[in-house]
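Here's the structure, in structure tokens; my notes come after.
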Amino acid sequence: MAGKFEAFIDADSFFRFRLLAPDGAVIAVSGPFEDKAAVVAGIAAVRECAGTGLVTDLCPAGAVSRSAPVPAAAAAAIPVELPAAVVPVCSEERTPALAHAFVLAGAPRRHAIVPRWTRTATR
């Protein structure tokens with residue numbers, strides 16, 4: 001069974017969605033959206049880009065020390081920017097052409113100009 005998306009309204013009255021694993025575990029939670037149409041566009045963007053998305057490691061080298069967790073009040077003080085419009089940012093230029101799954105074979109396929117059954121026999 002595949003995971004599923006759930007759209008919901010958060011405590012600040014913004015629309016969000018979460019991606020759930022088949023066992024019900026939350027895999028990802030979206031940022032805030034102004035309306036339900038924007039949530040649907042966000043889900044479509046995730047569906048389109050998630051399978052081919054590149055992984056960029058922004059973690060610092062070496063071990064990360066675990067310090068005290070950030071208090072909820074400090075986390076709430078972080079400004080939240082609402083997206084003006086959700087546009088998928090995935091594109092073909094990020095994936096090398098030779099590694100892309102939909103690259104055509106080396107030679108183009110033969111395309112007949114007219115159907116074979118309309119040609120006259122030449123014997």
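Values below: every heavy atom of this structure, side chains too, minus hydrogens, waters and symmetry copies.
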4.5 Å side-chain heavy-atom contact, Phe14 and Glu34: yes
Axial cation check for Phe33 ring with Arg16, 6.0 Å and 45° limits: no
Test log, rule side chain to side chain contact (heavy atoms under 4.5 Å, CB included), inputs Phe17 and Glu6: CA-CA 5 Å; Phe17 67 86; Glu6 285 184 346; over 6 Å; no
Connected via hydrophobic side-chain network under 4.5 Å: Ile43 and Val46: yes
Connected via hydrophobic side-chain network under 4.5 Å: Val40 and Val29: no
Where Arg47 and Phe5 come nearest, the two heavy atoms and their spacing: NE-CE1, 3.7 Å
Contact summary for Leu20 and Ile27, nearest pair of heavy atoms: C-CD1, 4.1 Å
Side-chain (Asp23) to main-chain (Ala25) donor-acceptor, under 3.5 angstrom: yes
